[in-house]
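Worksheet: the structure to be examined is printed underneath.
Predicted model only: the values in this text are computed from it and were never measured. Only heavy atoms go into these numbers, but all of them, side chains included; no hydrogens, no water, no symmetry mates. In what follows, every chain begins at residue 1, and chains take the letters A, B, ... in the order their sequences are listed.
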Number of protein chains: 2
Amino acid sequence: VAIVLYDLAGKDGVRFSPNCWRTRMALAHKGLDTETRATRFTEIPGILDGTQKTLPIIDDCGKIISDSWVIANYLEKAYPDRPSLFGGAGGRALTEFMLTWCNSVVQSAIISFIILDIHDALTAEDRAYFRTSREARFGKTLEAMQGGREARLESFRAALQPLRLHLKTQAFLGGATPLYADYLVFGALQWARTVSRFALLDDTDPVSAWFDRCLDLHGGLGRRAASICQ
Amino acid sequence: VAIVLYDLAGKDGVRFSPNCWRTRMALAHKGLDTETRATRFTEIPGILDGTQKTLPIIDDCGKIISDSWVIANYLEKAYPDRPSLFGGAGGRALTEFMLTWCNSVVQSAIISFIILDIHDALTAEDRAYFRTSREARFGKTLEAMQGGREARLESFRAALQPLRLHLKTQAFLGGATPLYADYLVFGALQWARTVSRFALLDDTDPVSAWFDRCLDLHGGLGRRAASICQ
């Protein structure tokens with residue numbers, strides 16, 4: 001029986017959520033059969049027992065697990081014979097640092113580049129919810145948040161320097177092969193790729209070459225994904 | 001036979017080098033007998049075969065190894081039955097990311113807070129070498145580099161946010177117990193602690209509490225170290 005992934009979806013089936021992408025890649029890394037269920041923001045209260053607030057959620061034969069980090073740890077424990085997501089206890093601990101780096105440095109910057117683009121990639125029903133909730137959270141309009149993004153690009157790219165330096169000697173954050181740490185940062189960049197035409201990375205950036213490698217992983221799972229640019 | 005660590009030294013025996021502290025803590029973590037040899041900048045060309053340029057260097061029964069990262073990998077491989085520095089292959093790979101984060105975000109900022117203080121903590125012979133080489137490298141005087149440091153403190157502290165968030169749920173970067181990743185960032189802060197009175201961290205910062213825990217490790221090795229403040 002396939003594991004069900006409730007996967008955040010926009011219009012035209014676009015799957016854009018960075019945290020859902022982490023989980024999708026983790027399931028593929030483990031080689032687990034997965035059925036994704038496209039779920040719009042406004043559909044979340046209607047799934048399962050109605051108490052869920054955020055995605056991703058997985059349903060593994062009746063075990064319901066939410067929160068991408070909790071899911072990753074569940075998968076690592078439940079499927080120990082499949083390829084490891086962390087590469088051992090030290091890897092798991094340092095993946096938690098990668099998680100805070102990804103959230104506080106990478107994703108918090110990317111949101112300001114694409115928040116209006118995300119809105120535009122949603123279905124009509126979801127747009128109103130997204131605008132209201134995000135404008136309340138950030139205290140400004142989506143247009144004001146995304147505006148002037150070109151001027152912020154240089155500092156965003158500079159903030160990726162630790163990853164860039166790492167990739168001078170390694171194919172992936174995980175070394176010769178990817179680990180969950182790769183999927184954290186991949187998810188952030190895939191978020192932008194699926195909803196926006198704005199170029200976050202310079203083509204000559206080693207981070208761009210790494211992202212290309214990630215798009216090819218697991219049978220090109222990331223590359224085959226629908227995006228608003230298609 | 002003890003492993004010999006050639007350890008960068010200032011005046012009054014102060015051991016301040018961040019990269020030497022990484023190695024010193026790694027040796028203690030492995031529980032290896034260590035004899036440190038205080039070595040001034042201008043004494044480096046006179047040690048061993050005379051070809052060495054930088055410290056740390058270890059001499060393990062005739063095996064001469066330089067570069068703190070190479071040394072860490074050597075110790076992990078040569079002493080596999082001692083406590084691991086990386087906690088597995090995934091941990092080792094992600095420690096390389098921590099290394100680039102520490103170098104490019106933490107140490108590159110700290111140098112601008114303490115470069116004149118480092119100079120003042122050196123012996124008279126070393127001061128001329130240090131001033132000439134560093135002013136050439138950075139293209140400005142030590143005084144100009146360190147000047148106005150108070151104004152840069154806020155952005156430095158903000159850059160530690162991923163570590164701060166990690167420490168909300170974990171005692172160490174390595175989890176419940178420290179790994180080499182901890183010693184990377186510890187070395188950077190110990191560098192400042194040994195040569196400078198400038199307070200890099202707010203006392204209420206969780207990073208400060210973590211640094212205190214690191215100072216207590218291995219019998220208080222870091223806390224007992226000489227500093228110019230004593």
Indicate the atoms forming the closest heavy-atom contact of Leu94(B) with Leu173(A), along with that distance.
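Looks like CD2-O, 3.6 Å.
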Which one, [options], leads in non-hydrogen pairs under 4.5 Å with chain B?
options	result
Gln170(A), Lys168(A), His166(A)	His166(A)
Arg164(A), Gln161(A), Met98(A)	Met98(A)
Gly88(A), Ala159(A), Cys102(A), Gly90(A)	Gly90(A)

Could you tell me which of Ala181(B), Ser104(B), Gly174(B), Ala176(B) has the largest number of non-hydrogen atom pairs under 4.5 Å with chain A?
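Among Ala181(B), Ser104(B), Gly174(B), Ala176(B), the one with the most close pairs to chain A is Ser104(B).
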In terms of heavy-atom pairs under 4.5 Å with chain A, which of Leu85(B), Leu179(B), Val105(B), Leu165(B) leads?
Leu165(B)
Residue Leu163(B) versus chain A: region with a heavy atom under 4.5 Å:
both
Over 12 foreign heavy atoms within 6.0 Å of CD, Glu150(B)
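Check passes, neighbour count above 12.
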Contact residues of residues 72-84 of chain B (partner chain A; heavy-atom separation under 4.5 angstrom):
none
Would you call the rings of Phe97(A) and Phe97(B) parallel, tilted or perpendicular if under 30° counts as parallel and over 60° as perpendicular?
tilted
Partner of Pro162(B) under side-chain contact (heavy atoms from CB on, under 4.5 Å), picked from Thr100(A), Leu99(A), Val106(A), is Thr100(A)
